[in-house]
Amino acid sequence: MEISSRSSTPEVPPQDLWSSILDSVSSSRSTPSKQILLLGQPLTGKSALVSALLQKPPPDEGKEENRSDFAIGYDFADVRDDADEGEYTLARLSVYAVPSALPSYTSLLPHFIPPRQSLPHTLVMIVLDWTRPWSFVEELQTWLQWVETWAKGDGLRELEIIREEGRERLQAHLQHYAEPSTDPLPANSTMSSTLLPLGPGTLTHNSSGIPIIVTCTKADLIDDGNDMAAGASGMGSMVKGKGGEWEERTDGVMQVLRTICLKYGASLFYTTTVPSTLQVLRQYALHALFMPPAPSPIAPGAEAQAPVRNIFPFQHKPNTLDRDRIVVPAGWDSWGKISVMRDGFDAKMWGEAWERDLTDDPSEGNGAKKLYASLVPDQGTKPPPLPPFNNPTPEQAFLAKNYDENAKKPDRDPRGAFRNPTDLTGASAGIVGPLGSSSFSLPNVERALTEMEVGIGGGSGTTSDTARRSTRNPNAPAGRPAGLAPVGTSVPVTGRSPASPTPTAGSPSPTGGQTQHEVLQNFFQSLLSSKDRTGSAAGARTATPAKANGGGSGGEDGA
């Protein structure tokens, strides 16, 4: 019964309905998020651009503790409605800054800014430095090729659809561009169903349709009349100068940049330290980020729809005359306007040269980088040349060379003493130990050897005196000098040394004409044989008193 009563009641709305309503309200009131990818080489003025885009005070460059160098710089700020006194937030703007074009930095960007989620909400700003104008074309090629590679991503179908929508949106923006006017547009104005095709050299690249702004910083140095030597502070003669040739070259640089920007559907801006130029750049960046999507095709017989308004309109007119505040919005420029600026410029030729650099076509003709180098020669400071390469001799070759030299000189080879041990007198240096050195030719050693030889080779009278002293006192030492008493005890009674002969009267030296090596050899042999002689001499000394005592007792007995 209870079940039947419940079945008759109306069904409760599913809870998913409320969640869908809450999601729709949340999405309608959510703040859109946009991001700017700032690409540039070091010291090109990216920090000043980040501060201007986010409307934050610039960091104090004079304090070292405030300077930071990250692999990828990031900051964000809320974009508020100026008409509503800044109370209502229109969008959240994030800025990613890359310090260099090295792959170690650029390879990190796809992890932070994946193209599948970020491509419809990202603007790329390429920063060029007017103090190094000779690097413009090379840096543009590096960054624009990287943008194309990043936008392709993994090549999945979902990403391809996003890229096609982005290109259609950018193409529609270029085709419907109109210069700002003070006259209000009529209320019933609609998008024209018939659109003119893009001009020659327009949007031939940038297949993803990502908005690109080429920003040349430090443009205030172009028309500065102060004299500065070429190369000072990294600035060439193209900066800070005036004259007909100089103006032609700077105008040629602008024509080249506009031709390249036209191929990618990009815009060109010159900025200075004046806040007004940075404010114009910020307004156009917001205008490009909130570019409305491409209008859907109108069915036959259907009414044309009103165009979608951009919440950040751009009201500044193009400017190609003031060198320090150039403003070339995307969709305004063309080959005809570029050629009118300075006669003799061939936009088609420069476009073909750019294509040759990208494809590395070996056909006839020069690339854009080579043509641009003839227009603006490189005047940057070159690094000092590297020292000549020092190729050292291999270790085995060096040792083999010295081995051959030592083998040719016997006195240089230490192994020669072992091959011929008797030939030790010709060695100029010590061979093994002190035998070959001259330290044993000191006067003290010679004097000691002389006294030893004189004491060992004494006369026969000394022998008889020694025998009588031995008879009286068996423990009395032999007749030797006091300092050589231990040596005298090892000599036999004959008083002649078996190892060294007695020096003659006519010998020129105390050693009897022998070399010091022979004298040392005899000396050490006498020391080695002292044990045997000591034993025999001790027996003789003990035998003599026995006979004397025996004889005395016999005499007494006989008496």
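When a residue number appears, it is its place in the shown sequence, counting from 1.
A heavy-atom distance below 4.5 Å is found between the side chains of Ile210 and Trp150. When side chains are defined from C-beta on, Tyr270 counts as touching Ile222, because their heavy atoms get closer than 4.5 Å. Considering only heavy atoms from C-beta on, Arg116 comes within 4.5 Å of Asp154 through its side chain. In this structure the side chain of Leu43 never reaches within 4.5 angstrom of the side chain of Asp129, judged on heavy atoms. Ile260 has its side chain within reach of Leu144: a pair of non-hydrogen atoms, C-beta onward, lies under 4.5 Å apart. Leu358 has its side chain within reach of His205: a pair of non-hydrogen atoms, C-beta onward, lies under 4.5 Å apart. Here the side chains of Thr44 and Arg132 are in contact, with some heavy-atom distance below 4.5 Å. The shortest side-chain heavy-atom distance between Pro329 and His287 does not fall under the 4.5 Å cut-off.
Here the CG atom belonging to Asp78 is positioned 9.5 Å from the CG atom belonging to Leu93, to the nearest 0.5 angstrom. Separation of atoms NZ (Lys34) and CG (Leu123) is listed at 10.5 Å; rounding is to 0.5 Å. Distance check, rounded to the nearest 0.5 Å: CG of Asp346 to CD1 of Ile338 gives 11.5 Å. Here NZ of Lys56 is found 6.0 Å from CZ of Phe76. Values are rounded to the nearest 0.5 Å. To the nearest 0.5 Å, atoms CG (Leu268) and CG (Leu262) are separated by 11.5 Å. Here Met349 contributes atom CE and Asn366 contributes atom CG; the two are 9.5 Å apart, rounded to the nearest 0.5 Å.
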Assess whether side-chain contact (heavy atoms from CB on, under 4.5 Å) is satisfied between Ser208 and Leu119, documenting all intermediate values. CA-CA 8 Å; Ser208 61; Leu119 197 57; 4.1 Å; yes

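Thr250 contributes a side-chain N or O that, together with a main-chain N or O of Glu247, makes up a donor-acceptor pair within less than 3.5 Å. For Thr277 (side chain) and Thr272 (main-chain N/O), a donor-acceptor pair under 3.5 Å exists by modelled atom type. Under a 3.5 Å cut-off, the side chain of Lys46 and the backbone N or O of Gln41 do form a donor-acceptor pair. The closest donor-acceptor contact from the side chain of Arg163 to the backbone of Gly209 lies at 3.5 Å or more, if one exists at all. Using modelled atom types, one side-chain atom of Ser374 and one backbone atom of Leu371 make a donor-acceptor pair closer than 3.5 Å. Between the side chain of Asn319 and the backbone N or O of Val327 there is no donor-acceptor pair closer than 3.5 Å. Without hydrogens or angle criteria, Asp322 side chain to Asp324 main chain gives no donor-acceptor distance under 3.5 Å.
The aromatic rings of Phe314 and Tyr284 sit perpendicular, their planes meeting at an angle over 60°, well past the 30° parallel limit.
Aromatic pair Phe112/Tyr96: centroids not less than 6.0 angstrom apart. Note: Trp130 and Phe136 meet the aromatic proximity criterion, with ring centroids under 6.0 Å apart.
Between Ser267 and Ala330, the closest heavy-atom pair is CB-N, 3.7 Å.
Between Lys370 and Asp357 there is no salt bridge, since none of the side-chain N atoms of the basic residue sits less than 4.0 Å from a carboxylate O of the acidic one. By the 4.0 Å N-to-carboxylate-O rule, Arg157 lies too far from Glu160 to be salt-bridged with it.
Figure legend: cation-pi geometry between Lys337 and Trp332, with NZ or CZ positioned under 6.0 Å from the six-membered ring centre and within 45° of its axis.
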